[in-house]
Amino acid sequence: MDLSIVIPVYNEEESIPPLLEEIHGAISPTGMSYEIICVDDGSRDGSFPLLKTLSQSDPSLVIISFRRNFGQTAAMQAGLD
């Protein structure tokens, strides 16, 4: 793996698809292997179900889910771990 991108997610349902599209558009042409690690930090909207659905067709997408909100620092650390 050449690159790992960690994204903390908290109630970002509307922002996720365009963000992933931009990331893929920027990195795919480089030929680097990469993963996008989205850490759902206890979202109360549809962020987690959306991520699960997207991950079924996107092998670069890795999802970590917290049962409640632990904060951005904890989400970043989980993604790095």
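Below, each value reflects all heavy atoms present in this structure, side chains not excepted, and no hydrogens, waters or symmetry copies.
With a 4.5 Å cut-off on side-chain heavy atoms, P17 and L50 count as touching. Counting heavy atoms from C-beta on, the side chains of V39 and M76 never come closer than 4.5 Å. Inter-residue side-chain proximity for I37 and I5 is flagged as unmet; no heavy-atom pair is nearer than 4.5 Å.
Placement of L51 and I64 in two distinct hydrophobic clusters is found when ILVMFWY residues are connected by side-chain heavy-atom separations under 4.5 Å, directly or transitively. A continuous path of hydrophobic side-chain contacts links I16 to F48 [ILVMFWY only; heavy atoms under 4.5 Å]. Side-chain heavy atoms closer than 4.5 Å link hydrophobic residues (I, L, V, M, F, W, Y) into clusters, and following such links, even through other members, never connects L80 to I36. With hydrophobic clusters built from ILVMFWY side chains whose heavy atoms lie under 4.5 angstrom apart, I7 shares a cluster with L54.
Judged as a side chain to side chain donor-acceptor pair (under 3.5 Å), the pairs with a partner in residues 34-43 (not counting sequence neighbours) are, in order, S4-E35, H24-Y34, S28-Y34, D40-S43, D41-N69.
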Would D81 and Q77 count as a side chain to side chain contact (heavy atoms under 4.5 Å, CB included) here? Give the steps. CA-CA 6 Å; D81 288 346; Q77 187 61 53; 2.7 Å; yes

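Between M32 and L3, the shortest heavy-atom distance links the atoms CE-CD2, 3.9 Å. Closest heavy-atom contact between P18 and S15: CD-O, 3.3 Å. Annotation for S33 and M1: closest pair OG-CA, 3.3 Å, computed over non-hydrogen atoms. Closest approach of R44 and N11 over heavy atoms only: N-OD1, 2.6 Å. Counting all heavy atoms, side chain and backbone alike, V9 lies closest to C38 at CG2-CB, 4.1 Å. Of all heavy-atom pairs spanning P8 and V6, the tightest one is CD-O, 3.9 Å.
For Q72, the side-chain hydrogen bond (donor to acceptor under 3.5 Å, both in side chains) test picks out no residue, with sequence neighbours left out.
A distance of 12.0 Å separates OG1 of T53 from CG of D58, quoted to the nearest 0.5 Å.
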